[in-house]
Structure formats: C-alpha cells, structure tokens
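Each remark here refers to the structure printed beneath this line.
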Amino acid sequence: ANASCANVTGTNSFLIRILGSLGAVSVATCLFALSWLFYLKLYKQFLYRLAAYQVMASLFHALLIVSQFTFLEYNDSKYESCVAVGYFYVMVSWMKACFGCWVTFHLFCFAVLLKNMRKLEPLYVISSILVSIAISSIPLITKSFGPTGEWC
C-alpha cells in the first residue's frame, strides 16, 4: 500500500489490482458479519458491540484499500486524493489498533479481575477515535504524505 500513489506500471499495477480485489472481498465479508450481527440482535451484548467496532474499523480499512484502484492511472492532479487516502489509511489503522487494545483490556478485566468494565464503552469509542485522529494528523501536519504513499 505504500507505493499506492506512485506512477503505477507493470508489477505495481498487478499488485494494486490484487490488493484492491482482496479489499473488495474484505468489504463483502465485513458487511456480511455486520448484517448478521444486527439480524441476530447481538449488538445488545457488550462484547459483541466491541467486536462490531473492530469489524467496522476493518470495513473502513477495506474500503480504503479498494480506493487504491483510483491510483492505477496516477498523475499529479490526484495528489490531494493521494494525501487523503494516506491520512485515512493511517487513521483507520490506528483506530483498529486502539479498538484491539480496548477489547484486550476488557477481556483481561472480565476474565482475570472479574470486573465488568461495560460502563467504559463511551471511553473505548471516543478515545479510539481521538487517538487515531491525533496520531494520523502528525504526518499530515508535517507534510509526510506524498507521491509514494503514506510515508514519504
């Protein structure tokens, strides 16, 4: 994904097509999982909601991977969209990591300390979003996004 905004030819074009195709499969899988979660009304249970947050972050991540198809015909006029994709790609990656940490924290508290931390759900969601925005803004502010992808 790091070379997504470079001039794409040959092998890179092939790799972006494979990556984008796998992203499309991931989108379908995440939508399937979320639809079953809502159909079975599992979102009412706290632990399933935590898993749903992780699946939603994976869905956004997969959508960004699919958006890499737009860079098969990259030129300088697409620079702003390249920076936007790079920013959101980093942001969603950090959001997935934060949700993973909170799920692990919750399971540890529940299984080892025998405490239900359900009341911290708003903290889980808000902190995951704010931390991911803050961290992904650093390369945006320092203009580290560019024609070779997220980390130039």
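Both backbone and side-chain heavy atoms feed into the values below; hydrogens, waters and symmetry mates do not.
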Going by the rule side chain to side chain contact (heavy atoms under 4.5 Å, CB included), which residues pair with Leu22 if we only count those two or more places apart in sequence or in a different chain?
Ile18

Distance, nearest 0.5 Å, that separates CE of Met91 from OG of Ser137
8.5 Å

Say you draw a straight line from CD1 of Ile138 to OH of Tyr87; how long is it, rounded to the nearest 0.5 Å?
10.5 Å

Here the pair of heavy atoms bringing Thr104 nearest to Gly100 is OG1-O, 2.8 Å

How are the rings of His61 and Tyr89 set relative to one another: parallel (under 30°), tilted (30 to 60°) or perpendicular (over 60°)?
tilted

Which pairs pass salt bridge (Lys or Arg N to Asp or Glu O under 4.0 Å) with one or both residues in residues 98-118, sequence neighbours excluded?
none

Would a hydrophobic clustering, with Ile, Leu, Val, Met, Phe, Trp and Tyr connected at side-chain separations under 4.5 Å, put Val66 with Leu31?
yes

Answer with yes or no whether the hydrophobic clustering places Val25 together with Leu19; edges join I, L, V, M, F, W, Y residues whose side-chain heavy atoms lie under 4.5 Å apart.
no

Taking side-chain hydrogen bond (donor to acceptor under 3.5 Å, both in side chains) as the test, write out the residues that go with Tyr53, two or more places apart.
Glu121

Which heavy atom of Ala52 sits nearest to which heavy atom of Leu34, and what is that distance?
O-CD2, 4.1 Å

By ring pair (Phe, Tyr, Trp, His ring centres under 6.0 Å), which residues pair with Tyr124, not counting sequence neighbours?
Trp102

In this structure, CZ of Phe99 is separated from OG of Ser127 (nearest 0.5 Å) by 8.0 Å

Hydrophobic cluster identity match, Leu107 and Val112, side-chain contacts under 4.5 Å
no

Would you give the length of the straight line joining atom OG of Ser132 to atom CZ of Phe88, rounded to the nearest 0.5 angstrom?
10.5 Å

Report the C-alpha separation of His106 and Leu47 in whole Å, then their side-chain angles, then the decisive distance to 0.1 Å, and conclude whether the side chain to side chain contact (heavy atoms under 4.5 Å, CB included) test is met.
CA-CA 9 Å; His106 177 75; Leu47 201 53; 3.8 Å; yes

Could you tell me if the side chain of Leu113 sits less than 4.5 Å from the side chain of Phe108, heavy atoms only?
yes

Where do Gly23 and Ala62 come nearest, in terms of heavy atoms and distance?
O-CB, 3.6 Å

Across all chains, not counting sequence neighbours, the ring pair (Phe, Tyr, Trp, His ring centres under 6.0 Å) partners of Phe38 are Tyr43

Where do Tyr48 and Leu37 come nearest, in terms of heavy atoms and distance?
O-CD1, 3.8 Å

ILVMFWY cluster, Val125 and Leu130 together (side-chain gap under 4.5 Å)
no

From Met117 atom CE to Phe46 atom CZ, the distance as rounded to the nearest 0.5 Å
9.0 Å

Over all atoms of both residues, closest heavy-atom pair of Val131 and Cys98
CG1-SG, 3.6 Å

Look up atom CD1 in Ile133 and atom CE in Met95, then write down how far apart they are to the nearest 0.5 Å.
6.5 Å

Quick one: name the residues clustered hydrophobically with Phe110, using the 4.5 Å side-chain heavy-atom rule over I, L, V, M, F, W, Y, and just say none if it's on its own.
none

